[in-house]
Amino acid sequence: MPKLLVANRSEIAIRVFRAATELGLTTVAIYAPEDRFSTHRFKADEAYELDASKGPVGAYLDIPGVISVAKAHDVDLIHPGYGFLSENAGFARACAEAGITFVGPRPELLEMMGDKVAARAQALKVGVPTLPGTPEAISDRAEAMQTAQVVGFPLIIKAAAGGGGRGMRVVHRAEDLDALLGEAQDEAGRAFGDPSVFLERYVPRAKHIEVQILGDKHGNCLHLYERDCSVQRRHQKVVEIAPSVNLDVQTRRDLCEAARELAASIGYDNAGTVEFLLDVDTREWFFIEMNPRIQVEHTVTEQITGIDLVRSQILIAQNHSIESPELALPKQEAIPRNGYAIQARITTEDPEKGFAPDYGKILAYRSAAGFGIRLDGGMADAGAVVTPFYDSLLVKVTASAPTFETAISRLDRALREFRIRGVKTNIPFIENVLHHPIFAAGDATTTLIDTSPELFEFVPRRDRATKLLNFLGDVIVNGNINAKGWKPDKPFATPKLVGAQRAAPETEAPSRGPHPAPQRGQGPRPNRQQSPQPLADWGQTQQTVKGTHTPLRGPPQSHEPTRRCATPTNRFSPRAFAPTICCASPKRSKIERRTCFHSKCGAARLSTPRCASGVKTPWNACDFCANAFLTSAFKCCFAAPMRSAIPTIPITSSPVSCGTRRRREWIFFAFSIRSTTCRIFRWRWTRLTKPARRFARPRFATPAIF
């Protein structure tokens, strides 16, 4: 099986791996030691480390090192991606000398079109208009000053041997030329190994339009329409659109045809991009450069045409024709253009600090998805570490829709779905761009970001997930002040009872020792057949703890009413009167030896701590089962014929026979869940979750009045 090595990293390496895998190729990754945890290393079938002594960037620019890895592991094809060695003619020539197929144009085409000065000369030869500028690359500053006077200001300095905004500076005044020229040459030398630059006229209000080209080794060449890449910051593209909005039909036809003719005139034999500058004021357009490689924004062209550019690159490198069934490309006039596509580059940059790159570990990552959304990522994963050695691109988001307005709303929705924590991103800035009226109208130019300070006004993020994690961490380390044992600084005010005749007297909590004989309350007990209001009024005068009437109901169903069985006078949970039951039971041993009531509880058997009276109780066995046991005790009392083995357990006052015909003889008070009259208090409670328990004891807080 043929092997394909990608001489690149991150997102573009993964993109090529996917296309190669679909073609049945074995994929090979290379990585610098600083990139050993990068995702592209693990996406490939094989991965090999580069020379550590070359540095994080130099390792990927080491042509002999890359070729030696490829030869050592029988690689058949090398794809350069974009950046690094993608436009290096020496690298393409080294691949050919090693007998390895270079997935890209021929070395002589890279020398011609990769050099912007040579590309300008070829464009003039074909008759494509170019901007006024220097005919040759300039390295001498004195010569640059003389040429600048001829070109005029403002002008732009561009690196002759590369692109991507590297080595580009805009000069508005003659006195700034010397310093900016030095900066441009230094950056070009670091990025491309060649400090040569050239000068050309700068157009303040312009649209950056580029046309996608695809040619083969059999003389065929197609254009795949244009893209609008006008939204730029520091000459780096931020948002790309395909096709261009508000571009008249004649201008679109002229640009696409000029790009195809230029590529055909040199026999271009792979994917490439011809870039133009459209003057918004004069409607003139000029050729600026050609990129003989795949570009970052190729995804928008793929979305509107349905053509896989990377797959086509590999097949063309394997000598397939555009017209072959392997590529299955239509004729020029039949190439589709469906709707609109917008790509946004999410980077780890902080827009509030001048887009300073942010580094660190991605603590949480939740990506967008849905209809019409495409993601191309390289480091976007929870736990990934963003290092300062490489480009800050995290993931590319491409939204496609039938109309430009729908594509904007779809991309905006996708951006709002993202949750990236641990590093800063430019998502708030991209959202502001999408909402900007100039962008929404399709009138954005290359100066949109520089002339729109409102794009840097951001709404503070709530970041609820991080706040919740911080709270949980604080509780785990420092404890929760609302947990058991916490006492307020000052006592709560006595609530006013709605509809009550008089305030309930304060009582103390019952002790855990031997339960004294409860005192009878004042006033006769009302008839149960009367309305609930007299019963509620009578219950407020009682000072004894009352139980809940839950006959013939299982523990899960009776869990909720059992928790409400305390009177508002006492304000205790059901566990408060556990000693009343356990101490009064004459045959408690049968209850103690029972296993856990709830089948899903982690407790195998009820524990038997002793209460103050020396009687064993099961109340600390399981928080859920404690309530279940209490409920079961009530159930036994009110269904004695069915539970005759367990004797009567007195809950209040004197023992009374619990036959089913004499239930009304019991003195009890029940808060009905469905009765609006009796629901005087609402107890706020929280279920505590522990690994060994699905159910936990409810925690009671201050009662709130309805």
Side-chain angles (χ1 to χ4, degrees), residues 8-15 38-40 81-84 86 163-166 168 208 210 212 227-242 273 275 291 293-303 309-310 340-359 362 365 367-368 372-381 384 386-387 390-400 407-408 410-418 420 423-436 439 444 446 448-450 452 455-456 458:
N8 218 299
R9 62 177 298 277
S10 193
E11 175 268 327
I12 187 58
I14 297 173
R15 171 70 182 92
S38 182
T39 308
H40 80 276
Y82 52 73
F84 291 136
S86 60
R166 304 291 180 87
M168 297 180 67
H208 188 121
E210 58 187 32
Q212 180 67 57
R227 302 186 286 257
D228 188 338
C229 306
S230 300
V231 182
Q232 303 177 4
R233 185 190 62 82
R234 298 175 186 171
H235 311 290
Q236 292 270 3
K237 299 163 188 174
V238 178
V239 178
E240 296 92 2
I241 308 166
T273 305
E275 302 192 3
N291 291 311
R293 54 175 169 82
I294 197 71
Q295 286 195 277
V296 181
E297 59 272 18
H298 72 276
T299 60
V300 291
T301 298
E302 290 181 332
Q303 291 302 112
L309 288 172
V310 177
Y340 288 84
I342 309 175
Q343 176 189 277
R345 307 184 188 189
I346 298 179
T347 61
T348 55
E349 298 173 325
D350 189 356
E352 298 185 32
K353 297 181 179 179
F355 290 93
D358 196 18
Y359 316 115
I362 301 177
Y365 180 82
S367 65
I373 296 298
R374 168 179 171 175
L375 302 178
D376 293 75
M379 294 295 295
D381 196 9
V386 180
T387 65
Y390 305 105
D391 186 84
S392 58
L393 178 64
L394 190 65
V395 61
K396 299 185 306 188
V397 188
T398 306
S400 55
I408 290 177
R410 185 164 291 167
L411 180 58
D412 180 56
R413 183 267 300 170
L415 292 175
R416 285 187 279 111
E417 280 190 32
F418 274 96
I420 304 173
V423 292
K424 296 287 187 179
T425 69
N426 65 337
I427 290 180
F429 175 77
I430 299 175
E431 290 178 334
N432 287 352
V433 171
L434 297 180
H435 298 156
H436 199 280
F439 178 84
T446 54
L448 173 65
I449 295 178
D450 297 330
S452 303
L455 295 176
F456 297 89
F458 307 108

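- For the pair Asp358 (side chain) and Asp350 (backbone), a donor-acceptor distance under 3.5 Å is absent.
- The nearest pair of heavy atoms linking Ala368 to Leu375 is O-CD1, 3.2 Å.
- Val296 has its side chain within reach of Gln343: a pair of non-hydrogen atoms, C-beta onward, lies under 4.5 Å apart.
- The closest side-chain heavy-atom distance from Lys424 to Glu349 is not below 4.5 Å.
- No side-chain heavy atom of Thr425 sits under 4.5 Å from any side-chain heavy atom of Phe418.
- Taking 4.5 Å as the limit, some side-chain heavy atom of Leu434 sits within range of a side-chain heavy atom of Phe439.
- In this structure, Asn426 CG and Glu352 CD are separated by 12.0 Å, a value rounded to the nearest 0.5 Å.
- Ser452 places no side-chain N or O within donor-acceptor distance of the main-chain N or O of Ile449, the cut-off being under 3.5 Å.
- Between Glu297 and Tyr82, the side chains place no donor N or O within less than 3.5 Å of an acceptor N or O (distance only, hydrogens not considered).
- Residues Ala414 and Ile373 approach most closely at CB-CD1, 3.6 Å, considering heavy atoms.
- Residues Thr398 and Thr299 have side chains that bring a donor and an acceptor to within less than 3.5 angstrom of each other.
- With His435 contributing its side chain and Glu431 its backbone, the two residues share a donor-acceptor pair below 3.5 Å.
- At a cut-off of 3.5 Å, with distance as the only test, a side-chain donor of Glu275 or Gln295 sits close to an acceptor on the other residue.
- Within the model, atoms CE of Met379 and OG of Ser10 stand 6.5 Å from one another, a figure rounded to the nearest 0.5 Å.
- A distance of 12.0 Å separates CD1 of Ile427 from CZ of Arg416, quoted to the nearest 0.5 Å.
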Problem set entry | Residues Lys237, Glu210; criterion salt bridge (charged side-chain N to carboxylate O under 4.0 Å, His left out); working and verdict | CA-CA 12 Å; Lys237 299 163 188 174; Glu210 58 187 32; 2.8 Å; yes

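- Taking Phe456 as the reference, Phe355, Phe429 meet the ring pair (Phe, Tyr, Trp, His ring centres under 6.0 Å) condition, with sequence neighbours excluded.
- Contact check for Ile14 versus Thr39: side-chain heavy atoms found under the 4.5 Å cut-off.
- Here Arg374 pairs with Glu302, Gln303, Asp376 under the side-chain hydrogen bond (donor to acceptor under 3.5 Å, both in side chains) rule; sequence neighbours left out.
- In the model, His208 has no side-chain atom that pairs as donor or acceptor with a side-chain atom of Asp228 under 3.5 Å.
- For Glu240 against Cys229, the heavy-atom pair with the smallest separation is CG-SG, 3.6 Å.
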